[in-house]
Number of protein chains: 2
Amino acid sequence: MISKPGRGGQHPTMDHVAAAAGVSRATVSRVINNAASVAPAIRETVQRAIASTGYVPNVAARSLVTRRSDSVALVISEPDRPDDHSFLNRIFTDPYFGRVTAGATGALRPHDVHLVVMPAEPSDHHQVVRYLRQGHVDGVLLISSNEHDPLPAQVHALGIPVVLSSRPPGPLPVSYVDVDQVAGAELAAARLLSLGRRRLATINGPLDIPAGSQRLDGFRSYLRDRGVDGVPAVTGDFTRAGGEAAARVLLAADPAIDALFVASDLMAEGALRAVQDHGRRVPEDIAVVGFDDSSVALECRPPLTTVRQPVEEMAAEMAALLMAHIENPSRSPRSVIFQPSLVIRDSA
Amino acid sequence: MISKPGRGGQHPTMDHVAAAAGVSRATVSRVINNAASVAPAIRETVQRAIASTGYVPNVAARSLVTRRSDSVALVISEPDRPDDHSFLNRIFTDPYFGRVTAGATGALRPHDVHLVVMPAEPSDHHQVVRYLRQGHVDGVLLISSNEHDPLPAQVHALGIPVVLSSRPPGPLPVSYVDVDQVAGAELAAARLLSLGRRRLATINGPLDIPAGSQRLDGFRSYLRDRGVDGVPAVTGDFTRAGGEAAARVLLAADPAIDALFVASDLMAEGALRAVQDHGRRVPEDIAVVGFDDSSVALECRPPLTTVRQPVEEMAAEMAALLMAHIENPSRSPRSVIFQPSLVIRDSA
DNA sequence: CTGAAAGCGCTTACAG
DNA sequence: CTGAAAGCGCTTACAG
């Protein structure tokens with residue numbers, strides 16, 4: 001007894017089907033893989049045999065020879081935080097990552113490729129790399145925003161197809177998808193200016209991640225070019241609580257600000273609260289523009305005017321690029337940059 | 001320096017390691033799988049050979065003989081909705097499913113088992129079943145709340161180990177994890193009564209799912225036993241918008257209600273808005289109790305008093321049960337019921 | 001404690 | 001268009 005029979009009885013193998021159809025195993029394989037060269041009559045016989053035996057291919061055996069697993073990893077590489085009670089919880093309840101997962105899943109489905117979602121704190125990197133090396137997946141979608149994250153380079157060194165969610169830190173010949181961060185910040189600045197606001201402030205994301213620094217730079221330099229200088233900025237951590245705290249700091253320093261650009265909707269939701277707790281109305285006293293157009297923008301009171309980032313589409317594009325690289329490993333890396341747009345609601 | 005296996009380059013196999021270590025392939029296999037019977041000196045030699053060759057086992061080959069994939073599916077079976085612009089989006093940004101995913105991922109990690117997350121609308125059932133039959137995974141965690149969902153029975157019929165997130169509809173010999181829904185509703189009712197409220201109302205979940213009907217029944221019968229009858233109820237769909245709409249209906253019917261039990265925090269957040277839009281204060285005019293203790297409970301204004309359901313722990317327990325069933329397929333199915341608790345914050 | 005050998009269930013050149 | 005045969009890279013009874 002080499003191995004115990006499969007749960008629920010023996011599964012039929014390709015040999016059973018071949019016997020039932022009176023053909024060779026090779027022919028059954030060709031029918032299953034839609035090889036062109038099977039005679040219609042035989043194809044039909046085989047299909048009937050497949051149906052009658054209830055045959056389902058064994059994926060391990062197939063993978064062993066094709067060297068394809070038909071699955072792909074979505075690695076979400078995020079720094080851990082001192083106050084992180086639960087890293088996994090933060091990742092899996094974050095609306096941004098949720099949208100990414102939804103977009104990637106949807107795009108992969110027509111390819112019959114499945115997604116293994118792997119949140120990765122720095123301490124998990126080793127495990128992730130080992131997993132990828134073992135050939136569990138055909139490629140990886142790597143969500144990494146931190147400039148100093150070593151994972152993109154490590155994954156690339158594995159020689160496994162990979163697509164990043166933003167420009168790689170340093171010269172890595174790897175495909176990536178991004179949104180034009182600067183253009184997005186400019187859209188926000190222009191809106192606030194057009195509303196006649198001149199006492200602007202901003203809550204930016206962490207400066208060691210491009211989405212943080214580029215949105216800040218874009219916002220400030222657009223304003224500077226139009227004569228608005230010295231715009232105060234406080235750094236938040238892309239969480240609701242971080243946005244709320246940052247807004248308090250800003251309000252304490254200058255209670256008279258009349259406009260606020262917040263680098264994410266989640267932070268904007270927190271900021272809205274701080275502003276309102278401070279007794280100021282939105283948008284009458286302070287106009288607020290967020291970034292992302294995630295579902296929280298609609299849940300805010302008032303509904304948030306925000307810079308829309310088509311996250312699901314971007315994730316779908318990442319998946320499409322990855323599939324192309326898997327299909328053709330010598331394909332040149334390329335980047336796809338999405339243009340953001342302004343969604344005007346009630347907050348500005 | 002280990003030579004990296006370039007694109008198209010050969011990964012070393014077990015034979016390479018065996019040759020490098022001067023032993024047989026079988027011995028290398030034993031070292032890798034921690035078989036007890038390897039002499040320490042040989043074990044060490046083999047380990048050095050593994051390191052120097054950069055060998056990593058091929059998982060497909062291993063799976064083919066062990067019949068284990070070391071991954072598990074998390075199937076989230078949900079009805080689609082007429083107004084569902086994006087099913088995937090709804091699933092992946094739902095805080096409840098996020099907590100489930102986090103809990104399961106964390107519990108599986110020590111087993112070195114990975115999670116394939118599969119949202120499944122009714123139209124996807126066929127695909128899901130096929131995926132499971134192909135042996136991609138060793139077992140399935142099935143999140144299904146709808147009483148008429150055929151998937152639990154279908155998956156069970158596959159003979160693959162499965163653990164459900166609630167009592168199966170009908171007599172299915174399958175393990176499941178649940179929270180004591182009735183006890184939770186009673187906790188809410190008792191709290192509201194203890195606050196002196198007598199004009200109570202409730203927003204319940206869909207009645208064709210146990211979490212919907214049991215919370216409603218538990219709430220009403222607890223009150224009835226204490227002389228409070230005819231409590232109005234409106235059904236919501238467990239979304240924020242659904243809760244808001246339901247609260248409006250309730251308020252229109254009886255503007256004088258002084259307490260509200262809402263069957264999920266997400267719906268409670270919506271209800272809070274409707275109540276406040278209606279010019280009524282929480283908790284002064286209307287006390288509100290939610291259900292779940294998800295992160296949104298803390299984000300509400302005021303922070304929500306709610307019935308805590310330890311979702312992450314429950315998901316971890318599901319994972320533990322599943323691993324046990326995989327390890328020992330003849331293990332008897334069992335159910336594990338968690339007791340809810342009341343978390344008192346500001347809304348009641 | 002270790003090795004030779006069989007076998008897991010497929011796919012795919014290679015002939016015919 | 002079809003089949004016989006080799007081979008993918010492992011694990012594991014079986015002998016020694």
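In what follows, chains are A, B, ... by sequence order, proteins preceding strands, each numbered from 1.
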Would the base of dG3(C) count as contacting R30(B) through its side chain, where contact means a donor and an acceptor less than 3.5 Å apart?
yes

### Query
Is there a donor-acceptor pair under 3.5 Å between the side chain of R62(A) and the backbone N or O of R67(A)?
no

Practice task
Ignoring backbone atoms, establish whether S24(A) has a side-chain N or O less than 4.0 Å from OP1 or OP2 of dG3(D).
Solution key: yes

To the nearest angstrom, the CD-C1' distance between Q134(A) and dC10(D) comes to 13 Å

In whole angstroms, the gap separating P of dA5(D) from CZ of R25(A) amounts to 11 Å

Any base atoms under 4.0 Å from A39(A), or only sugar-phosphate, or nothing? Heavy atoms, all strands. sugar-phosphate

Stems in DNA chain D, runs of 3 or more consecutive Watson-Crick or G-U wobble pairs with both distances under 3.5 Å, sorted by first number, are C:1-3 with D:14-16, C:5-12 with D:5-12, C:14-16 with D:1-3

Between NE2 of H11(B) and C1' of dC8(D) the distance, given in whole Å, is 14 Å

Quick note, M14(B) side chain, CB onward, closest among dT2(C), dC10(C), dC10(D) is dC10(D)

To the nearest angstrom, the CG-C1' distance between N33(A) and dT12(C) comes to 10 Å

Discussion item. Just N and O in the side chain of S29(A): are any of them under 4.0 Å from OP1 or OP2 of dT11(C)?
Written reply: yes

Looking only at dC10(D), dT11(D), dG9(C), the nucleotide nearest the R67(B) side chain is dG9(C)

Q) Within the structure, does a side-chain N or O atom of N58(B) lie under 4.0 Å from either OP1 or OP2 of dC8(D)? A) no

Is the backbone N or O of L108(A) less than 3.5 Å from a side-chain atom of H111(A), with the two atoms forming a donor-acceptor pair by type? no

Okay, side chain of N33(B), backbone of A35(B): is any donor-acceptor separation there less than 3.5 Å? no

By nearest-heavy-atom nucleotide on DNA chain C, the more 5' of G22(B) and A61(B) is G22(B)

To the nearest angstrom, the CG-P distance between L64(B) and dT11(C) comes to 12 Å

>> Given 3.5 Å as the limit, does a donor-acceptor pair link the side chain of D80(B) with the main chain of E121(B), or not?
In response: no

Between CG of N34(A) and P of dT12(C) the distance, given in whole Å, is 13 Å

| said: Under a 3.5 Å distance rule, please check whether D149(A) uses its side chain to pair with a backbone N or O of S144(A) as donor and acceptor. | reply: no

Quick one: does S63(B)'s side chain have a donor or acceptor within less than 3.5 Å of a partner on R68(B)'s backbone?
yes

Worksheet item: When you compare dC10(D) with dC14(D), how far apart are their P atoms, in angstrom units rounded to a whole number?
Response: 24 Å

Of the listed dG3(C), dT11(C), dT2(D), the closest approach to the T27(B) side chain comes from dG3(C)

Measuring to OP1 and OP2 of dT11(D), would you say a side-chain N or O of R68(B) lies under 4.0 angstrom away?
no

- Classify the nucleic acid contact of V59(A) as base, sugar-phosphate or nothing, counting any heavy atom under 4.0 Å across all strands shown. nothing

Walking DNA chain C from its 5' end, the first of P40(B) and V56(A) to be reached, judged by nearest nucleotide, is P40(B)

| message | What contact category does D15(A) fall into here, base, sugar-phosphate, or nothing, at under 4.0 angstrom with non-hydrogen atoms? | response | nothing

- Query: Any ion pair linking D124(A) and R130(A) (charged N to carboxylate O, less than 4.0 Å)?
  - Reply: no

Applied to residues 153-172 of chain B, the side chain to side chain donor-acceptor pair (under 3.5 Å) test, sequence neighbours excluded, yields R167(B)-Y176(B)

Distance below 4.0 Å between R62(B) side-chain N/O and dC8(C) OP1 or OP2: no

Out of dC1(D), dT12(D), dG7(D), minimum distance to the side chain of S37(A) belongs to dC1(D)

| Whole-Å P distance, dC1(C) and dA5(C) | 23 Å

